[in-house]
Participant: 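Okay, handing you the structure first.
Note: hydrogens, waters and symmetry copies are ignored here, and every other heavy atom, side chains too, is used.
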Amino acid sequence: MPPRVLLADDDRAIRESLLRALELESYEVTEVTDGVAALAAARRDRFDVLILDVMMPGVDGLGVCRVLRADGDPTPILMLTARVEPPDRVAGLDAGADDYLVKPFDLDELLARLRALLRRTSPDAAAPRVLRLGALTVDPAARRVRWQDVEVDLSKTEFDLLELLVRNAGIVLDRATIYQRIWGYEFGSDSKNLAVYIGYLRRKLDKAGATELIRTVRGVGYSVQAS
């Protein structure tokens, strides 16, 4: 069964170009032109991934993302934006997006990012074992995290990042490796994407009592180890 994509963009030229490219790659595409229609479609049907333009009439892409996440919808979301400043990109991540791509973009890169998002959500044939690190428990099958008796509520990307670090406990993972394993490609040396998610994770783990679990190795990357 082909992956189902919801494409929301009010720019007709971009929408038609993406539609042709996605259909050539055997995606099943539903296209809409504004945020209200995107919300209605996402709530009515099941999609494997959403592509949302940030600047849309009515409800913008960030608004659509926030509402869907508030609804508990975990569908991966790729944001398209013409804004290139880091605060604008961080706003998309704060809204619950899994990834973003700055316009104008290369179609091959967009397709690669979609494949990476779909790989992260594809069901595994065998249920992975529960991971434990000191008082931390990570259950990949149920996608649940606990510190002692406290459940830690994480987004999909936050969970994937913590799981990767715990599976490699005691090993310093460099930034390039983390980007490749979590996002499927390298953002570039000036990207703040990883630091943003490490910050999210630290705040949530600290609140649960797991202080200083994630360690920064300057100039290299990150690691976790039992205290």
Side-chain angles (χ1 to χ4, degrees), residues 76-79 81 83-102 105-106 108-122 124 128-141 143-148 150 152-227:
I77 294 175
L78 171 61
M79 286 286 197
T81 178
R83 298 173 175 174
V84 299
E85 295 301 319
D88 296 316
R89 301 184 187 189
V90 170
L93 299 174
D94 281 337
D98 296 275
D99 197 2
Y100 60 81
L101 193 57
V102 177
F105 50 81
D106 181 81
D108 287 336
E109 182 179 2
L110 180 140
L111 293 171
R113 295 190 182 203
L114 285 184
R115 289 192 294 270
L117 288 175
L118 290 169
R119 281 197 302 271
R120 289 161 54 193
T121 55
S122 61
D124 201 309
R129 63 182 179 85
V130 174
L131 307 174
R132 291 183 173 84
L133 181 67
L136 181 72
T137 302
V138 179
D139 185 343
R143 298 190 69 80
R144 297 179 66 180
V145 173
R146 296 183 69 85
W147 174 261
Q148 297 179 347
V150 179
V152 185
D153 184 23
L154 300 180
S155 71
K156 183 184 184 307
T157 301
E158 292 164 0
F159 183 94
D160 291 343
L161 179 54
L162 181 61
E163 180 187 357
L164 175 64
L165 291 171
V166 172
R167 285 189 182 278
N168 294 275
I171 300 172
V172 179
L173 294 180
D174 62 78
R175 291 177 175 82
T177 296
I178 296 174
Y179 274 123
Q180 187 62 42
R181 296 285 294 278
I182 299 301
W183 284 276
Y185 49 87
E186 171 63 77
F187 270 80
S189 59
D190 62 342
S191 173
K192 304 298 183 184
N193 213 31
L194 178 55
V196 167
Y197 275 100
I198 289 290
Y200 291 161
L201 263 178
R202 280 179 168 149
R203 286 194 291 273
K204 291 183 177 182
L205 290 169
D206 287 352
K207 186 176 180 180
T211 58
E212 300 183 0
L213 182 69
I214 300 175
R215 303 188 179 185
T216 301
V217 179
R218 291 188 178 277
V220 183
Y222 302 93
S223 71
V224 298
Q225 61 185 59
S227 56

Participant: Using side-chain hydrogen bond (donor to acceptor under 3.5 Å, both in side chains) as the criterion, list what pairs up with R143, not counting sequence neighbours.
Facilitator: D160
Participant: Would you indicate whether D153, at its atom CG, is surrounded by more than 12 heavy atoms from other residues, nucleotides or ligands within a distance under 6.0 Å?
Facilitator: no
Participant: To the nearest 0.5 Å, how far apart are CG in D106 and CZ in R113?
Facilitator: 10.5 Å
Participant: Is it the case that the side chain of R146 and the backbone of D139 share a donor-acceptor pair, with hydrogens and angles ignored and the cut-off at 3.5 Å?
Facilitator: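 Here the side-chain-to-backbone pair does not exist.
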Participant: Testing the basics here: between G219 and R175, what is the closest heavy-atom pair and its distance to 0.1 Å?
Facilitator: C-NH1, 3.8 Å
Participant: What is the distance from atom CZ of R167 to atom CG of L173, rounded to the nearest 0.5 Å?
Facilitator: 12.5 Å
Participant: Of all the heavy-atom pairs spanning M79 and A97, show the shortest one and how long it is.
Facilitator: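 Scanning both residues, the minimum pair turns out to be CG-CB, 3.6 Å.
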Participant: Please enumerate all residues that pass salt bridge (charged side-chain N to carboxylate O under 4.0 Å, His left out) together with R115, with sequence neighbours excluded.
Facilitator: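 If we apply the salt bridge (charged side-chain N to carboxylate O under 4.0 Å, His left out) test to R115, skipping adjacent residues, there are no hits.
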Participant: Got a sec, which residues hit side-chain hydrogen bond (donor to acceptor under 3.5 Å, both in side chains) with D174, two or more places apart in sequence or on another chain?
Facilitator: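 side-chain hydrogen bond (donor to acceptor under 3.5 Å, both in side chains) list for D174, sorted by chain: T177.
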Participant: Would you please name every residue forming a salt bridge (charged side-chain N to carboxylate O under 4.0 Å, His left out) with R144, sequence neighbours left out?
Facilitator: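 Per chain and number, R144 pairs via salt bridge (charged side-chain N to carboxylate O under 4.0 Å, His left out) with E151.
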Participant: At what distance, to the nearest 0.5 angstrom, does CG of L161 lie from NZ of K156?
Facilitator: 11.5 Å
Participant: Please list, chain by chain and in numerical order, all residues satisfying ring pair (Phe, Tyr, Trp, His ring centres under 6.0 Å) with Y197, sequence neighbours excluded.
Facilitator: W183, Y200
Participant: Less than 4.5 Å apart, any side-chain heavy atom of L136 and any of V224?
Facilitator: no
Participant: Looking only at heavy atoms, what is the nearest atom pair of A169 and L133, with distance?
Facilitator: CB-CD1, 3.8 Å
Participant: Roughly how far, to the nearest 0.5 Å, is CG of L164 from CZ of F159?
Facilitator: 11.5 Å
Participant: I'd like to know whether Y222 forms a side-chain contact (heavy atoms from CB on, under 4.5 Å) with L194, so could you lay out the CA-CA distance, the side-chain angles of the two residues, the decisive distance to 0.1 Å, and finally the verdict.
Facilitator: CA-CA 10 Å; Y222 302 93; L194 178 55; 3.7 Å; yes
Participant: With a 4.5 Å cut-off on side-chain heavy atoms, are R202 and T216 touching?
Facilitator: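 When only atoms from C-beta onward are counted, R202 and T216 do touch, with a gap below 4.5 Å.
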Participant: So how far is it from I198 CD1 to N193 CG, rounded to the nearest 0.5 Å?
Facilitator: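 Reported value, rounded in 0.5 Å steps: 11.0 Å.
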Participant: Run V152 and L162 through side-chain contact (heavy atoms from CB on, under 4.5 Å) and show every step you take.
Facilitator: CA-CA 11 Å; V152 185; L162 181 61; over 6 Å; no
Participant: Apply side chain to side chain contact (heavy atoms under 4.5 Å, CB included) to V150 and list each qualifying residue two or more places apart in sequence or on a separate chain.
Facilitator: A208
Participant: Measuring from Q225:CD to I171:CD1, what's the distance to the nearest 0.5 Å?
Facilitator: 11.5 Å
